[in-house]
Protein chains: 4
Amino acid sequence: MSAATRVIGAQVKDESRIQERRAQIAEAAARVFRDKGFHTATIRDVAEAAGLTQGTLYNYIRSKDDILYLVHQDLTARYIADVEQAIAGMADPRARLRAALRAFARAMRERHGDIALIYQETHALGRESRRAVLAQTENFIARFAGLIEAARRDGMAMDGAPNLAADIVTFLPVMLSLRRWRLRHVDGPAAEEELVAFLLRGLGCPEEIIHGA
Amino acid sequence: MSAATRVIGAQVKDESRIQERRAQIAEAAARVFRDKGFHTATIRDVAEAAGLTQGTLYNYIRSKDDILYLVHQDLTARYIADVEQAIAGMADPRARLRAALRAFARAMRERHGDIALIYQETHALGRESRRAVLAQTENFIARFAGLIEAARRDGMAMDGAPNLAADIVTFLPVMLSLRRWRLRHVDGPAAEEELVAFLLRGLGCPEEIIHGA
Amino acid sequence: MSAATRVIGAQVKDESRIQERRAQIAEAAARVFRDKGFHTATIRDVAEAAGLTQGTLYNYIRSKDDILYLVHQDLTARYIADVEQAIAGMADPRARLRAALRAFARAMRERHGDIALIYQETHALGRESRRAVLAQTENFIARFAGLIEAARRDGMAMDGAPNLAADIVTFLPVMLSLRRWRLRHVDGPAAEEELVAFLLRGLGCPEEIIHGA
Amino acid sequence: MSAATRVIGAQVKDESRIQERRAQIAEAAARVFRDKGFHTATIRDVAEAAGLTQGTLYNYIRSKDDILYLVHQDLTARYIADVEQAIAGMADPRARLRAALRAFARAMRERHGDIALIYQETHALGRESRRAVLAQTENFIARFAGLIEAARRDGMAMDGAPNLAADIVTFLPVMLSLRRWRLRHVDGPAAEEELVAFLLRGLGCPEEIIHGA
DNA sequence: AATGAATGAGTGTTCATTCAT
DNA sequence: CATGAATGAACACTCATTCAT
């Protein structure tokens with residue numbers, strides 16, 4: 001398993017200030033990149049949106065790629081946190097899986113701009129940055145693999161997609177982001193529910209469990 | 001339903017030569033864009049790859065956006081053709097749906113570079129180009145909606161995902177392209193089969209039909 | 001006195017066809033240049049306006065400069081012809097001068113687009129073309145010098161501007177073209193009359209002659 | 001009366017530096033444009049002549065049109081200043097008018113390159129720039145209208161050219177610039193004097209005043 | 001640590017001119 | 001003689017990055 005983070009060089013020593021500023025930069029840059037796309041957006045745009053000057057910006061990052069990396073890390077962490085938060089404190093493996101799926105689907109719909117940004121611009125990352133971001137995503141997929149495995153061991157009959165289960169459940173909900181141009185006008189929560197049901201059924205889950213609370 | 005094509009201006013009159021050259025350009029540009037990404041690739045790169053001079057290139061297109069549009073149209077048409085070809089001459093609705101899914105999944109795996117390109121760069125298209133390309137995709141989704149409906153009417157019990165069925169079956173296989181960084185080393189045809197089975201099961205299809213020839 | 005014409009190379013032999021085509025080109029180019037300016041207009045624009053293809057155009061001229069030269073010759077010849085026509089058959093020297101001035105002022109107002117074009121783009125001509133065009137203009141100024149001299153000899157007291165008379169009378173009316181942005185809304189013929197009276201008075205012409213028919 | 005200035009965007013904040021640099025740019029660009037003409041001159045030429053890099057140039061202007069506008073404003077302001085300076089502190093209306101005419105004629109002769117540039121390239125200005133520059137010129141013409149009116153009220157009999165007087169006196173001296181190709185070899189001050197006398201006589205001014213100091 | 005002006009390589013696009021058919 | 005596709009040099013403009021203050 002490779003490291004899910006990458007070191008970013010800085011001109012400034014104060015570590016806590018670096019953390020603060022980088023969060024500020026990531027937040028602003030995400031906004032700008034969502035609006036204009038990574039390549040179209042300029043460093044000037046990002047600096048302005050973050051309330052910094054160009055020069056100051058470069059005290060906390062070394063290149064435009066660094067900014068894109070910060071954004072990826074940040075946005076990815078957000079939807080992961082959504083899922084973790086949803087299952088925190090839950091014990092029943094079946095309920096945990098179902099809750100995780102629901103939280104993930106919801107995040108994909110609500111954070112559609114962020115997700116679209118990730119899927120569109122990951123390829124624009126430099127080699128090292130991409131490696132780190134994909135490692136982060138891989139950990140997330142592994143997390144779901146664990147949840148599925150636990151549910152299976154718990155007696156939830158799920159023999160569907162023995163090899164791809166974790167991939168599938170972490171990919172299909174992305175549809176709510178990437179097909180937003182089609183789904184803009186459908187009922188959001190209903191779509192989430194339909195998707196989760198589809199996933200569970202595809203996994204081979206019995207009907208009476210699919211629709212539980 | 002809006003038009004799935006857009007007119008591209010040209011300086012050249014001979015229509016058949018335009019067709020020929022544009023195919024040549026689309027093919028070369030797809031290669032270049034897959035390698036470097038749309039924004040990083042230069043017009044010079046495309047011209048060179050197509051064996052044309054910059055000036056000649058601009059006799060057949062009017063802007064870089066035109067090239068991206070040509071590429072989108074071309075690549076989209078290819079996987080659509082794969083699917084159509086797979087079901088040509090088939091009569092049984094259930095078999096047609098299954099064959100269409102298999103062909104689509106296969107195309108997504110084999111044409112992974114093309115598909116990734118589409119998903120990454122559609123947002124870089126100009127307004128009109130994007131409209132046309134999405135209309136083309138929408139027609140494809142509608143095609144699957146028809147196939148599903150026919151199978152249902154034919155008695156294939158499929159009450160899963162009543163509203164999103166066509167979206168789901170045209171999106172999940174895209175995973176074979178966009179998750180290639182993870183799936184590079186799995187058995188391709190097996191993955192396709194697993195995916196198709198997952199989809200049919202999710203749609204509520206009985207097990208004995210899922211695994212038919 | 002240097003030649004008021006310049007030879008333009010051609011790929012075509014038939015002299016009468018050359019004359020014909022070049023007239024056609026000059027007329028079309030004048031239209032295009034008036035609309036867009038010489039530098040902004042393209043050879044394509046000119047060819048289209050003339051109903052020729054680019055290739056054919058180049059059978060009758062050798063460069064864009066040739067076209068500008070043709071236009072200058074043509075437009076200059078037109079206002080000169082206006083003046084000549086106005087005094088053709090007149091015998092009285094004072095009446096001839098007055099009629100020439102009136103015709104010239106009128107031409108400057110009515111052909112304002114042509115005149116503005118000449119004054120704006122003469123500097124864009126190549127060395128040889130400019131020389132020829134200025135020689136043509138110089139002949140015109142000399143013509144007026146002759147008219148003034150004749151009127152003086154005839155007893156019209158005109159001792160004003162002994163050295164610059166011909167320059168002045170051939171320049172001031174140009175105002176009706178170059179100040180069109182200000183004079184667009186004044187009464188045209190009245191302005192012409194006022195200008196001519198101003199010129200005659202400035203030349204020292206007695207009031208009773210200034211206002212003659 | 002519309003505004004005789006137009007705002008030019010800048011990437012730089014220090015206002016005094018902007019003033020300084022723009023003056024430097026206008027001066028250098030005027031030189032380059034006089035030599036090669038606006039369209040033939042490149043941004044590189046201008047930057048080089050101004051001792052700046054291309055990038056730096058664009059920190060102070062936004063487009064080539066901005067440069068042409070700066071040049072127009074600057075050159076127009078110069079000859080206007082010449083006239084104002086010549087009549088500063090003079091009280092007698094007739095003397096003021098005569099002095100203004102002499103100063104203007106002199107400026108037209110001495111600044112012939114600038115004036116020719118203005119007359120050749122005003123049409124190349126963008127809509128807004130042209131509007132501003134013509135407003136500036138219009139103010140100048142109105143200034144002369146005021147001087148003439150004052151002289152008339154003061155008893156200087158000047159009933160010639162009741163409607164066009166200000167236009168005429170601000171246009172005819174331009175001849176010293178635009179006909180320089182003919183007048184290069186005549187005595188400059190004598191030509192100015194002859195021109196001024198012609199104008200005053202044309203306005204209906206009595207001979208004894210025309211030749212005053 | 002913050003500022004913001006300077007840099008210059010690089011980009012999409014245009015167009016006068018040529019020339020094979 | 002007409003056609004119209006090919007050419008490629010050139011141009012205006014952008015922007016990530018640096019660095020003196």
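Throughout, a chain's letter reflects where its sequence line sits, starting with A, and its residues are numbered from 1.
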Rounded distance (Å) that lies between atom [atom2] of [N] and atom [atom1] of [X]:
X        : N       : atom1 : atom2 : value
Gln11(C) : dC19(E) : CD    : P     : 10 Å
Leu68(B) : dT13(E) : CG    : C1'   : 17 Å
Tyr58(D) : dA16(F) : OH    : C1'   : 18 Å
Lys64(C) : dT18(E) : NZ    : P     : 15 Å
Glu15(D) : dA5(E)  : CD    : P     : 11 Å
Lys36(B) : dG12(E) : NZ    : C1'   : 15 Å
Glu48(B) : dT7(F)  : CD    : C1'   : 15 Å
Arg21(D) : dG4(E)  : CZ    : P     : 17 Å

Answer for the Watson-Crick or wobble partner of dG10(E), both distances under 3.5 Å, is dC13(F)
So what's dC19(F) paired with, Watson-Crick or G-U wobble, going by both distances under 3.5 Å? dG4(E)
Under 30°, 30 to 60°, or over 60°: which ring-plane class applies to Phe33(D) and Phe38(D), parallel, tilted or perpendicular? perpendicular
Would you indicate, yes or no, if [N] has its OP1 or OP2 atom less than 4.0 angstrom from a side-chain nitrogen or oxygen of [X]?
X        : N      : answer
Arg17(B) : dA6(F) : yes
Asn59(C) : dA2(F) : yes
Thr56(D) : dA6(E) : no

Is any side-chain heavy atom of Val46(A) closer than 4.5 Å to a side-chain heavy atom of Lys64(A)? no
Determine the contact category for [X]: base if any of its heavy atoms lies under 4.0 Å from a base atom, sugar-phosphate if only primed atoms, P, OP1 or OP2 are that close, otherwise nothing.
X        : value
Ala41(A) : sugar-phosphate
Thr42(A) : sugar-phosphate
Ile43(B) : base
Arg44(B) : base

Comparing Gly55(A) with Leu57(B), nearest DNA chain F nucleotide closer to 5' gives the residue Leu57(B)
How do Tyr60(C) and Asp65(A) order along DNA chain F: which one's closest nucleotide is nearer the 5' end? Tyr60(C)
Establish, from distance only, whether the side-chain atoms of Ser129(C) and His72(C) form a donor-acceptor pair under 3.5 Å. no
Do Thr56(A) and Asn59(A) get their side chains close enough for a donor-acceptor pair, meaning under 3.5 Å? no
hbond_proxy Gln54(D) side chain to dC13(F) base (donor-acceptor, 3.5 Å cutoff): yes
Considering all heavy atoms, the nearest Ala30(A)-Leu117(A) contact: O-CD2, 4.2 Å
The answer to which of His39(C) and Thr53(D) contacts DNA chain E further toward the 5' end, by nearest nucleotide, is Thr53(D)
Check the surroundings of atom CD in Gln136(B): do more than 12 heavy atoms from other residues, nucleotides or ligands lie under 6.0 Å from it? yes
